[in-house]
Amino acid sequence: MGFPRLLIDLAKLETNARWVTDLCRRHGVSVFGVTKACCGDPEVGGAMLRGGVGGLADSRLINLRRLKEAGIKAPLLLLRSPMPSEIPAVVQLAGMSLNSDPGVIRELDRQARQQGVLHRAILMVDLGDLREGVWPDRVLELVREVHSLEEHARDYATGVRLAGLGTNFACFGGVVPSLPALGGLAELAGRCRREVGVDMPVLSGGNSTSLHLLAEGAWQPGINHLRVGESILLGYDLVSRRPFAGMHQDAFLLEAEVIETERKPSVPTGEIGFDAFGNRPHFEDRGLRQRAIVALGKQDLGAGHVMPEEAGVEVVGASSDHLILDVTAAAGPVRVGDRLRFRPDYGAILGACTSPYVEKITF
Ligand SMILES: *Cc1c(COP(=O)(O)O)cnc(C)c1O
């Protein structure tokens, strides 16, 4: 197909996954690898599994189907509370899902019994990030409500079992995971066990942002599961924004082709209104600069950003289909037809994997 293309180094992803699973194992934590940024790419999922994750998780059913149809036999977890319209397919495709609505759990149970399968529901608790999850003071009430289903499922091995509790951090409110918050989750699970009599074997303590606690050697006993995507993909501690030593930060590279080079002033000529996206741009006058345009844009990057691999190349901005670079300080001349490489951030991986205009090359 050609350019732009996303190069995905599976060996580096495997190493990153192993780094995460080794760290987690030392604290009794098992890991599900999250494939949603890569649209459930089975090769990415396969690399995570080789790196030791116990299963794969994705927020979209269509991605779980893609993994399953590629022959992946590992446990699959739906990361987003099921849409009522997709419940029959959820039960068919995923052994487990994250949940926060009792009506949905009841319908999962009905469908699972109908299909003669067991589905495990993890009840999400909102510890303050204000995305999904029931508020902590409602957890016991809700667990009591679905407890009768739990008993049927335990005895007949069809229907819904309450696999445990889960929580999520730093997705909407930017709340950083902490030992007290995880302690609160463990305590709630303890009350469910004592006061309602459910086992709650899985306590899922968040996403990549929880790794910083483990890396510091601190953990809440009893929290035994994490769902990790971004840190495996990019090798970063998302809380400090620093690389984890021993992980790869360049498992993904975007390669795009230069289509124009020209010397231009750094400030536009004429009255400045709005750009293509309704923003009013601001420019610093740096005099005449050597610029280059590569055929890559917001349609390929979504809300994400890229960092040039080459020293002396700076991203000035992007429109739908043009990425504008300042190459004045580049070591050598940049010419039309040159292929430049960039490191995508999480948003850009998501955008590139979702864009039909970007070729994905795994190696
Ligand atoms: C996306 C997602 C994750 C994974 O988050 P990362 O930051 O990529 O590790 C975990 N849990 C839920 C519920 C998610 O939606």
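Excluded from the calculations below are hydrogen atoms, water molecules and symmetry mates; all remaining heavy atoms, backbone and side chain alike, are included. Note that ligands are numbered from 1 as they come in the structure, with each ligand's atoms numbered from 1 the same way.
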Problem - Short side-chain donor-acceptor distance under 3.5 Å, Arg335 and Thr261 - result: no
Completion exercise
Min over Gly166, Ser204, Ser208, Ser81 of heavy-atom distance to atom 7 (O) of ligand 1 lands on Ser208
Practice task
Mark up the atoms of ligand 1 that fall under 4.0 Å of a heavy atom belonging to Lys36, in ascending order.
Solution key: 1 (C), 2 (C), 3 (C), 14 (C), 15 (O)
Handout entry: Proximal ligand 1 atoms for Val228, defined as those under 4.0 Å from one of its heavy atoms
Key = 9 (O)
Practice task
Would you give the length of the straight line joining atom CG of Leu123 to atom CG of Leu165, rounded to the nearest 0.5 angstrom?
Solution key: 6.0 Å
Problem - Name of the residue among Leu56, Val53, Asn207, Leu79 meeting side chain to side chain contact (heavy atoms under 4.5 Å, CB included) with Val34 - result: Leu79
Exercise for the section: Report the nearest protein non-hydrogen atom to atom 8 (O) of ligand 1: residue, atom name, distance rounded to 0.1 Å. Expected result: Glu230 N, 2.8 Å
Handout entry: Closest approach of any protein heavy atom to atom 11 (N) of ligand 1, naming residue and atom
Key = Arg227 NE, 2.8 Å
Handout entry: Leu98 neighbourhood, listing ligand 1 atoms whose heavy-atom distance to it stays under 4.0 Å
Key = 13 (C)
Practice task
Return yes when Arg80 approaches ligand 1 closer than 4.0 angstrom through a heavy atom, no otherwise.
Solution key: no
Practice task
Could you check atom 5 (O) of ligand 1 against the protein and tell me its nearest heavy-atom contact, residue, atom and distance included?
Solution key: Asn207 CB, 3.3 Å
Fill in the blank from the handout: Separation between CZ (Phe342) and CD (Glu255), nearest 0.5 Å, reads 10.0 Å
Handout entry: Under 3.5 Å: N/O of Leu238 near N/O of ligand 1
Key = no
Fill in the blank from the handout: Sequence neighbours excluded, the answer for side-chain hydrogen bond (donor to acceptor under 3.5 Å, both in side chains) partners of Arg343 is Glu309
Practice task
Kindly state each residue pair satisfying side chain to side chain donor-acceptor pair (under 3.5 Å) with at least one member in residues 36-45, sequence neighbours excluded.
Solution key: Glu43-Thr362
Exercise for the section: Would you mind telling me if ligand 1 is within reach of the side chain of Leu79, the backbone, both or neither, using heavy atoms under 4.0 Å? Expected result: both
Practice task
Answer whether the closest heavy-atom distance between the side chains of Leu325 and Glu314 falls below 4.5 Å.
Solution key: no
Fill in the blank from the handout: Numbered in order shown, the ligand 1 atoms found under 4.0 Å of a heavy atom of Glu132 are 13 (C)
Handout entry: Ser240-His212 side chain donor-acceptor pair, cut-off 3.5 Å
Key = no
